[in-house]
2 protein chains.
Amino acid sequence: MYTVSDTMNTQFKKGVLELCVLVLLDRKDCYGYEMVEEISRNIFISEGTIYPLLKRLKTEGLVISYLKESQDGPPRKYYQITEFGKEKKEKLVAEWNEFAMGVSNLLYNRNVDMEGNCDE
Amino acid sequence: MYTVSDTMNTQFKKGVLELCVLVLLDRKDCYGYEMVEEISRNIFISEGTIYPLLKRLKTEGLVISYLKESQDGPPRKYYQITEFGKEKKEKLVAEWNEFAMGVSNLLYNRNVDMEGNCDE
DNA sequence: AATAGTACCTTGCAATATATGGTACCTTGT
DNA sequence: ACAAGGTACCATATATTGCAAGGTACTATT
């Protein structure tokens, strides 16, 4: 199991894990435990986080799920992204990029003139 | 007053606004209303967010404050970053950069081998 | 006198990552 | 046979924090 330093700021992850899960599922169907492994390659995530998150995504209609047997342990619950989920993913990616750029500008004092960010 | 689209994901900001405030205060002393203006150039922030945040930073010893009269309205409460605050800022900047890079790798499927992210 | 901008503040709410603890399957070593 | 460890799922309670909504008060403009 891969791990990234668990000192990483918990708050930073708010909302981002949903984005990460949708991005993974847009590539291929995954089961929960697998996604924890994947995401853990890059940012720390606790197992206790993924299952409530997946449940929420399912309730919101962003994903569906199906069971599949496994040789290595109990049956796996695979998740598949829906069309609605794909739309949401696109929206979140765009928002994340805009946000990350905004933060970067603030941190490194680049006050670029962006379209539509001024009242008059 | 500058504004960025207020549709920006609220969750993304968790923890980041603290970082932004500390970065601003590391450049120069600022008062709350001023920081809202500055930050709003790049990411949406509500006025109702900054004052509880500043209060918390003060309680934690990351900043101190002093009053100064103004011609344009009521007295301004300026905030100054402490040595402890500067250390915290450095730590948060590093954590943010690591985090943002991790997310970027996940979004764009760059599974780089980074040092210390594998158990064996 | 009324309005708008500046500048501060408090309270309650909503969202979500995590810790903790639990169930159950399979393989390997003793 | 059985203990241990990895795989795989789940639920609950808690902490953190951004925001909306509402308030006070000063100054300048209409």
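Proteins come first, then strands; the chains are lettered A, B, ... in the order of their sequence lines, and each starts at number 1. Since the model is a prediction, treat every value here as computed from it, not as a measurement.
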Ionic contact status for Glu34(B) with Arg76(B), cut-off 4.0 Å: no

Nucleotides 19-27 of chain C: protein proximity per nucleotide (B base, S sugar-phosphate only, - neither; heavy atom, under 4.0 Å): BB----BS-

Distance in angstrom units between Glu37(A) CD and dA8(D) P, rounded: 7 Å

Under 4.0 angstrom between Tyr33(A) side-chain N/O and dC9(D) OP1 or OP2: no

Nearest-Å distance for atom pair CG/P, residues Asn9(A) and dT18(C): 10 Å

Nearest-neighbour nucleotide for the Lys77(A) side chain, dC9(D), dG18(D), dA8(D) considered: dC9(D)

Length of the CD-P vector between Gln11(A) and dC19(D), whole Å: 13 Å

Short side-chain N/O contact from Tyr51(B) to OP1 or OP2 of dT10(C), under 4.0 Å: no

Within one Ile-Leu-Val-Met-Phe-Trp-Tyr cluster: Ile64(A) and Leu25(A), side-chain cutoff 4.5 Å: no

Ser104(A) side, atom OG; Ile43(B) side, atom CD1 - distance, nearest 0.5 Å: 11.5 Å

Parallel, tilted or perpendicular: ring planes of Tyr78(A) versus Tyr66(A), cut at 30 and 60 degrees: parallel

Any Lys14(B) side-chain N or O less than 4.0 Å from OP1/OP2 of dA17(C): no

Separation of atom OH in Tyr79(A) from atom P in dA8(D), rounded to whole Å: 14 Å

Euclidean distance, atom CE of residue Met35(A) to atom C1' of dC10(D) [Å, nearest integer]: 14 Å

Whole-Å gap separating P (dC10(D)) and CG (Leu54(A)): 8 Å

5' priority, DNA chain D, between Tyr31(A) and Glu18(B) [closest heavy atom]: Tyr31(A)

N or O in side chain of Lys55(A) less than 4.0 angstrom from dC9(D) OP1/OP2: no

Atom-pair distance (CG on Leu92(B); C1' on dT17(D)), nearest Å: 14 Å

For atom CG of Leu67(A) and atom C1' of dC10(D), their distance in whole Å: 13 Å

Atom pair CG/NZ of Asp26(A) and Lys89(A) - distance to nearest 0.5 Å: 4.0 Å

Lys/Arg-Asp/Glu bridge criterion (N-O < 4.0 Å) met for Arg56(A), Glu18(A): yes

Single-linkage hydrophobic cluster, 4.5 Å side-chain cutoff, Tyr79(B) and Phe84(B) together: yes

Under-4.0 Å side-chain N/O to phosphate OP1/OP2 contact, Arg56(B) with dT17(D): yes

